[in-house]
Amino acid sequence: MTAQVSVDEQMRVLMRGVEYGDPNIQRTMEEDLRERLSLGKPLRVYCGFDPTSTDLTLGNMVPMLKMRQFQRLGHDVTFLIGTMTGLVGDPSDKTAARQMLTVEQVESNAQTWLRQVFRVLDPDKTTIERNGDWLASLTLAEVVQLASNFTVAQFLEHETFRNRMAEAKPLYIHEFIYALMQAYDAHHLKTDVQLGAVDQLFNIMAGRQLQRALGERPLIAVTTPLLKGTDGVLKMSKSVGNYVGLDEAPAEMYGKLMSIPDSLMPNYFTLLTEVPSEELAEIERGLAAKTLNPMEAKKRLARSVVALLYDDGQAEAAQAEFERVFQRREEPEEAQELPLALDQDGKASVDITLALSVAGVAGSRSEARRLLQQGGISIDGQPIKEAQVELAEGSLIRVGRHRFLRVVAADG
RNA sequence: GCCAGGGUGGGUGAGUGGCUAAAACCGACGGUCUGUAAAAUCGUUGCCCUGACGGGCUACGCAGGUUCGAAUCCUGCCCCUGGCACCA
């Protein structure tokens, strides 16, 4: 399999969209990768993810997609769940030490992840590992031995730590250990390539250093840019709320992708789709020359991402739904149900503010009232002003831009 | 253990006895516009009652206290951070 694709072609695919933040490192890694690919043997590739939250986002998908590319080229890919590293918490890119998680939290997060991983990766060709399996049993003597391969100065040079020192913020010993653990993972897995977001470069290079110190062949780091969130400004993250989850329904995912700033499109295309580079170039040219409607390009993007995570049919359906609901302002195909006790005519007179808060569409009755006052509520296309409304079975309540409720008869 | 600084709404962060449901900014939400983009613009942004005027309740780490009145003063406690001491 590997032999069928030329090294040049592999390099072209694998180096698409990578980012190192340092041209020297990039050059070295490219050379090393080319050299190792030319041996013609499948490479051992891994990428670790710390189960610190319940859902994976499109941000996590960027390195996952890179894993998939390796996988398709016939390399051995391991999805490593950081059951141990997740406990400690990665200090990279953090201004303060992260809260340590419990074993239970980590395990439960890991479980939900496994459901999501295979939307991107081929389950038959992916090895799943948990680093707790080997890290947990290390003895203190072994940890000390491991630590002896690194110097404090190396860590203090790391930007994250340096900044923290400069700002007189706490810096804990266990945060140093994090990089050691990752290094040990790389050694344990006898890895040829470690993938990760570019903010992981320090940790990944620690693995390279350890392997070299142990007389092993040092791994090649392949790092991807951090994906910007849907706001187009900050890094995509759950805590900021500017994220798209891998688990989200196609229509929702499609909609969120349509709401990203235009400027983000090239970035998303490169990092989240497998649209060939030549086509991307064409799209960018079209956008620059204004011969291509940005909305059309974005639809293509949204469709591509949904198709990658689901399938073409669902992507088409998501697009159709989007066009129907948001472009033509027609009714959605599916809506959350609002069960109401109806009279014999199939109608009910209710206080809409109460109904919305009970249904959880509005956080409180006050919030529902505000929505009403601001003209944010309509029933079957008619904006309403009064809280007391007549609803019938099948009535469609639209709240704000994109929340819908369909009235159904309550049981009993 | 000691010294110092600090704990305010989703976030940053004002406020040092009543004019404070708490400035400002950000975010978020809603309207107009529109391509669920950007920009613009108007508005909302603790909870509950009311059609509205208005009223009630809860809130500034926790628990008490002083006061007609406390986010603001006092006491105790908890937590965060830096430094020092102990270990050496």
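Reminder, nothing fancy here: chain letters follow the sequence lines and each chain counts from 1.
- Straight-line distance from the CD atom of Gln373(A) to the P atom of rG30(B): 15 Å, rounded to whole Å.
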Distances under 3.5 Å between protein N/O atoms and the N/O atoms of nucleotides 34-36 of chain B, please, pair by pair.
{"from": "rU34(B)", "atom 1": "O4", "to": "Arg329(A)", "atom 2": "NH2", "distance (Å)": "3.2"}
{"from": "rG35(B)", "atom 1": "O6", "to": "Asp262(A)", "atom 2": "OD2", "distance (Å)": "3.4"}
{"from": "rG35(B)", "atom 1": "N1", "to": "Asp262(A)", "atom 2": "OD1", "distance (Å)": "3.3"}
{"from": "rG35(B)", "atom 1": "N1", "to": "Asp262(A)", "atom 2": "OD2", "distance (Å)": "2.7"}
{"from": "rG35(B)", "atom 1": "N2", "to": "Asp262(A)", "atom 2": "OD1", "distance (Å)": "2.6"}
{"from": "rG35(B)", "atom 1": "N2", "to": "Lys298(A)", "atom 2": "NZ", "distance (Å)": "2.8"}
{"from": "rU36(B)", "atom 1": "OP1", "to": "Gln327(A)", "atom 2": "NE2", "distance (Å)": "3.2"}
{"from": "rU36(B)", "atom 1": "OP2", "to": "Phe326(A)", "atom 2": "O", "distance (Å)": "3.2"}
{"from": "rU36(B)", "atom 1": "O2", "to": "His402(A)", "atom 2": "ND1", "distance (Å)": "3.4"}

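- Distance check on atom P: rC73(B) versus rC29(B) gives 38 Å, rounded to whole Å.
- Scanning for salt bridge (Lys or Arg N to Asp or Glu O under 4.0 Å) contacts around Lys228(A) gives an empty result, with sequence neighbours left out.
- Under the Watson-Crick or G-U wobble criterion, with both distances below 3.5 Å, rA37(B) has no partner in any strand shown.
- Atoms CG (Asn242(A)) and P (rA37(B)) sit 16 Å apart, rounded to a whole Å.
- For rG17(B), there is no paired nucleotide, since no Watson-Crick or G-U wobble pair has both relevant distances below 3.5 Å.
- Ala307(A) is linked by a side-chain contact (heavy atoms from CB on, under 4.5 Å) to Asp312(A), Ala315(A), counting only residues two or more places apart in sequence or in another chain.
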Assess the residue pair Asp247(A) and Arg119(A) against the criterion (salt bridge (charged side-chain N to carboxylate O under 4.0 Å, His left out)); give the C-alpha distance rounded to whole Å, side-chain angles, the decisive distance to 0.1 Å, and a yes or no. CA-CA 9 Å; Asp247(A) 233 10; Arg119(A) 289 192 195 286; 3.0 Å; yes
Which pairs would a plain distance check flag for residues 252-267 of chain A, meaning a side-chain donor or acceptor within less than 3.5 Å of a matching protein atom at least two apart in sequence or in another chain?
{"from": "Tyr254(A)", "atom 1": "OH", "to": "Gln319(A)", "atom 2": "OE1", "distance (Å)": "2.9"}
{"from": "Lys256(A)", "atom 1": "NZ", "to": "Tyr243(A)", "atom 2": "O", "distance (Å)": "3.0"}
{"from": "Lys256(A)", "atom 1": "NZ", "to": "Glu248(A)", "atom 2": "OE1", "distance (Å)": "3.4"}
{"from": "Lys256(A)", "atom 1": "NZ", "to": "Glu248(A)", "atom 2": "OE2", "distance (Å)": "3.1"}
{"from": "Ser259(A)", "atom 1": "OG", "to": "Lys256(A)", "atom 2": "O", "distance (Å)": "2.8"}
{"from": "Asp262(A)", "atom 1": "OD1", "to": "Lys298(A)", "atom 2": "NZ", "distance (Å)": "2.8"}

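- Within the structure, the salt bridge (Lys or Arg N to Asp or Glu O under 4.0 Å) test picks out the following pairs touching residues 263-276 of chain A (sequence neighbours left out): Arg68(A)-Glu274(A), Arg72(A)-Glu274(A).
- Between the P atom of rA52(B) and the NZ atom of Lys385(A) lies a distance of 13 Å, rounded to the nearest Å.
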Identify each atom pair where a protein N or O and an N or O of nucleotides 40-43 of chain B are less than 3.5 Å apart, giving names and distance.
{"from": "rG43(B)", "atom 1": "N2", "to": "Gln374(A)", "atom 2": "OE1", "distance (Å)": "3.0"}
{"from": "rG43(B)", "atom 1": "N3", "to": "Gln374(A)", "atom 2": "OE1", "distance (Å)": "3.0"}

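- For residues 394-403 of chain A, no pair satisfies salt bridge (Lys or Arg N to Asp or Glu O under 4.0 Å), with sequence neighbours left out.
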What pairs of donor and acceptor atoms, side-chain ones from residues 378-387 of chain A against any protein atom, are under 3.5 angstrom apart with sequence neighbours left out?
{"from": "Asp380(A)", "atom 1": "OD1", "to": "Leu396(A)", "atom 2": "N", "distance (Å)": "2.8"}

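- When the P atom is compared between rG11(B) and rA85(B), the two are found 37 Å apart, to the nearest whole Å.
- Counting only residues at least two apart or in different chains, salt bridge (Lys or Arg N to Asp or Glu O under 4.0 Å) contacts with residues 341-356 of chain A comprise Asp351(A)-Arg365(A).
- When rounded to the nearest whole Å, the span between CD1 of Ile377(A) and P of rU44(B) equals 17 Å.
- The salt bridge (Lys or Arg N to Asp or Glu O under 4.0 Å) search around Arg212(A) returns none, not counting sequence neighbours.
- Pairing of rG64(B), defined by two Watson-Crick or G-U wobble distances under 3.5 Å, is identified with rC74(B).
- Residue Arg403(A) places at least one side-chain N or O closer than 4.0 Å to OP1 or OP2 of rG30(B).
- In this structure, Gln211(A) contributes its side chain and Leu219(A) its backbone to a donor-acceptor pair below 3.5 Å.
- Residue pairs meeting the salt bridge (Lys or Arg N to Asp or Glu O under 4.0 Å) criterion with at least one partner in residues 128-154 of chain A, sequence neighbours excluded, are Glu107(A)-Arg130(A).
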Distances under 3.5 Å only, N/O to N/O: pair up the protein atoms with those of nucleotides 46-48 of chain B.
{"from": "rC47(B)", "atom 1": "OP1", "to": "Ser364(A)", "atom 2": "OG", "distance (Å)": "2.8"}
{"from": "rC47(B)", "atom 1": "OP2", "to": "Arg370(A)", "atom 2": "NH2", "distance (Å)": "2.5"}
{"from": "rC48(B)", "atom 1": "OP1", "to": "Arg365(A)", "atom 2": "N", "distance (Å)": "3.1"}
{"from": "rC48(B)", "atom 1": "OP2", "to": "Arg365(A)", "atom 2": "N", "distance (Å)": "3.3"}
{"from": "rC48(B)", "atom 1": "OP2", "to": "Ser366(A)", "atom 2": "N", "distance (Å)": "2.8"}
{"from": "rC48(B)", "atom 1": "OP2", "to": "Ser366(A)", "atom 2": "OG", "distance (Å)": "2.6"}

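- Across all strands shown, rA23(B) forms no Watson-Crick or G-U wobble pair with both distances under 3.5 Å.
- The gap from the P atom of rG15(B) to that of rG6(B) amounts to 12 Å, rounded to the nearest Å.
- Per the geometry, CD belonging to Glu296(A) stands 15 Å off P belonging to rA37(B), to the nearest Å.
- Comparing rA71(B) with rU58(B), their P atoms sit 12 Å apart, to the nearest whole Å.
- Nucleotides rU41(B) and rU34(B), compared at atom C1', are 13 Å apart to the nearest Å.
- Protein atom CG of Leu301(A) is 15 Å distant from nucleotide atom P of rA37(B), rounded to whole Å.
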